[in-house]
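To keep things clear, I will list the structure first and then write my remarks on it.
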Amino acid sequence: MNYLRATNLGEVTALLEEYPEALLLCGSTDAALQLRHRPETATLIDIHALEELKGVSAEGDRMRIGTLVTLNELLYSDAVRESLPLLAACADTFGSHQIRNLATVGGNIANASPAADLTAALVALEASVTLASQDGERSVPLETLFCGYKCTKLDHELITAVTVPLQTGSWYYRKAGMRERLNIAKVSIALTHGSGGFRISGASLGPSPVRFRTLEALLDGGVYDDAAIKAALENDADPSGGYRSTKAYRLRVAFNMIKEALSQPEER
């Protein structure tokens, strides 16, 4: 296997052009599993030393989060806790302290797991991602980056940063699993409610993180009827069933979380 260590962004984009099948290494908490499912991968590109991909900074009414920011840096950032409390609450449920010391924001997104809590929270917050390649940079809504289970539309590109509008209004985040910590979500729900209406997403409720737009429109219209909420959830969510949980269980837990969110939101 070919191991390459990049020292700047230009080197990374050039290497991605030469080795489009390469796996990027940053925190590497999931790299071994990735390689198990991608036996064709012959090249690893280590990007963890790139300073330009680190740091959290406020840019007007938005927060820019570098792709190499770790989950603990996110959790303990005063700026994030103050301006993006939903994201901080999500980071607080992510793995163990040791895992959060290594796992990165960009890695969690690029992994494209349907159970990724951070990605679901970022979709509800209407985050966008900055992508870099040899052709330059472009920004796209995070929600549009995914194309199915463990699938992204990255094309000879890497994620350099995530940009998130600062939170206003009320919010809710809840994760369900076998344990409170060190746990992959059976279901999680992220919700915000402000002047623009409801924004809702969830983990383990479909092949990739998506906005629950039918449910959002229903609640924006003032309809809080249980049957209507269940029908909207079933329209928006398509959870898998398996040994971890059945589809019916995931939908029922998601419904209960939505009802709790409507009655007990966190207030800004």
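Hydrogens, waters and symmetry mates are skipped; everything else that's a heavy atom, side chains included, is used. Count residues from 1 along the sequence.
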Which pair of non-hydrogen atoms, one from [X] and one from [Y], has the smallest distance, and what is that distance?
X: Leu125; Y: Gln167; result: CD2-CG, 3.5 Å
X: Val105; Y: Gly66; result: CB-O, 4.3 Å
X: His156; Y: Pro20; result: NE2-CB, 3.5 Å
X: Ser201; Y: Val210; result: OG-O, 2.9 Å
X: Ala203; Y: Ala120; result: N-CB, 3.8 Å
X: Pro207; Y: Pro114; result: O-CB, 3.6 Å

May I ask you to test the [X]-[Y] pair for a side-chain heavy-atom distance under 4.5 Å?
X: Ile159; Y: Leu154; answer: yes
X: Val56; Y: Val69; answer: yes
X: Thr67; Y: Val162; answer: no
X: Tyr173; Y: Ser188; answer: yes
X: Phe212; Y: Leu191; answer: no
X: Asn72; Y: Leu75; answer: yes
X: Leu131; Y: Val129; answer: yes

Transitive ILVMFWY side-chain link [X] to [Y], under 4.5 Å:
X: Leu262; Y: Leu233; result: yes
X: Leu219; Y: Val223; result: yes
X: Leu68; Y: Leu158; result: yes
X: Leu142; Y: Leu118; result: yes
X: Leu87; Y: Tyr172; result: no

For [Y], is there any backbone N or O sitting under 3.5 Å from a side-chain donor or acceptor partner on [X]?
X: Thr13; Y: Gly10; value: yes
X: Asp225; Y: Ala227; value: yes
X: Thr144; Y: Pro141; value: yes
X: Glu216; Y: Ile200; value: yes
X: Asp46; Y: His48; value: yes
X: Glu52; Y: Leu9; value: yes

- Around atom OH of Tyr149, are there more than 12 heavy atoms of other residues, nucleotides or ligands at under 6.0 Å? no

What distance separates [X] [atom1] from [Y] [atom2], expressed to the nearest 0.5 Å?
X: Glu82; Y: Leu166; atom1: CD; atom2: CG; result: 9.5 Å
X: Thr160; Y: Ile65; atom1: OG1; atom2: CD1; result: 12.5 Å
X: Thr163; Y: Met63; atom1: OG1; atom2: CE; result: 11.0 Å

Filter on salt bridge (Lys or Arg N to Asp or Glu O under 4.0 Å), then keep only pairs touching [range], sequence neighbours left out; what's left?
range: residues 116-127; answer: Asp117-Lys175, Glu126-Arg199, Glu126-Arg211
range: residues 54-80; answer: Glu51-Lys54
range: residues 8-19; answer: none
range: residues 151-169; answer: Arg138-Glu157

- Query: After noting the C-alpha distance and the side-chain angles of Leu25 and Ile47, does the key distance pass the side chain to side chain contact (heavy atoms under 4.5 Å, CB included) rule?
  - Reply: CA-CA 6 Å; Leu25 299 179; Ile47 64 171; over 6 Å; no

Under 3.5 Å, side-chain donor or acceptor atoms of residues 247-257 against the rest of the protein: list the pairs with distances, not counting sequence neighbours.
from: Arg250; atom 1: NE; to: Ser240; atom 2: O; distance (Å): 2.9
from: Arg250; atom 1: NH1; to: Lys186; atom 2: O; distance (Å): 2.7
from: Asn256; atom 1: ND2; to: Arg252; atom 2: O; distance (Å): 3.4

- Item | Intermediate values then yes/no, side chain to side chain contact (heavy atoms under 4.5 Å, CB included), Asp238 and Leu205 | CA-CA 6 Å; Asp238 184 24; Leu205 289 168; over 6 Å; no

- Task: Would you please name every residue forming a salt bridge (Lys or Arg N to Asp or Glu O under 4.0 Å) with Glu260, sequence neighbours left out?
- Result: Arg174

- Task: Could you list the residues that satisfy salt bridge (Lys or Arg N to Asp or Glu O under 4.0 Å) with Lys259, not counting sequence neighbours?
- Result: Asp226

- Task: List in chain and number order the residues that pass side chain to side chain donor-acceptor pair (under 3.5 Å) with Lys230, two or more places apart in sequence or in another chain; answer none if no residue qualifies.
- Result: none

- Of all residues at least two apart in sequence or in a different chain, which pass the side chain to side chain donor-acceptor pair (under 3.5 Å) check with Asp236?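 So Asp236 forms a side chain to side chain donor-acceptor pair (under 3.5 Å) with Thr214.
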
- Partners meeting side-chain contact (heavy atoms from CB on, under 4.5 Å) with Thr43 (sequence neighbours left out):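 By the side-chain contact (heavy atoms from CB on, under 4.5 Å) rule, Thr43 matches Asn2, Leu4, Tyr19, Glu21, Ala22, Ile45.
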
- Considering residues at least two apart in sequence or located in another chain, which fulfil the side-chain contact (heavy atoms from CB on, under 4.5 Å) criterion with Ala103?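 Checked Ala103 against side-chain contact (heavy atoms from CB on, under 4.5 Å); matches are Thr29, Leu71, Phe94, Ile99.
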
- Message: Under 3.5 Å, is there a donor on one side chain and an acceptor on the other for Thr130 and Glu137?
- Response: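 No, because no side-chain N or O of Thr130 sits under 3.5 Å from a partner of the opposite role on Glu137.
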
- Query: Looking at residues at least two apart in the chain, or sitting in another chain, which of them share a ring-ring contact (aromatic ring centres under 6.0 Å, His included) with His193?
  - Reply: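 For His193, the residues satisfying ring-ring contact (aromatic ring centres under 6.0 Å, His included) (neighbours in sequence not counted) are Phe198.
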
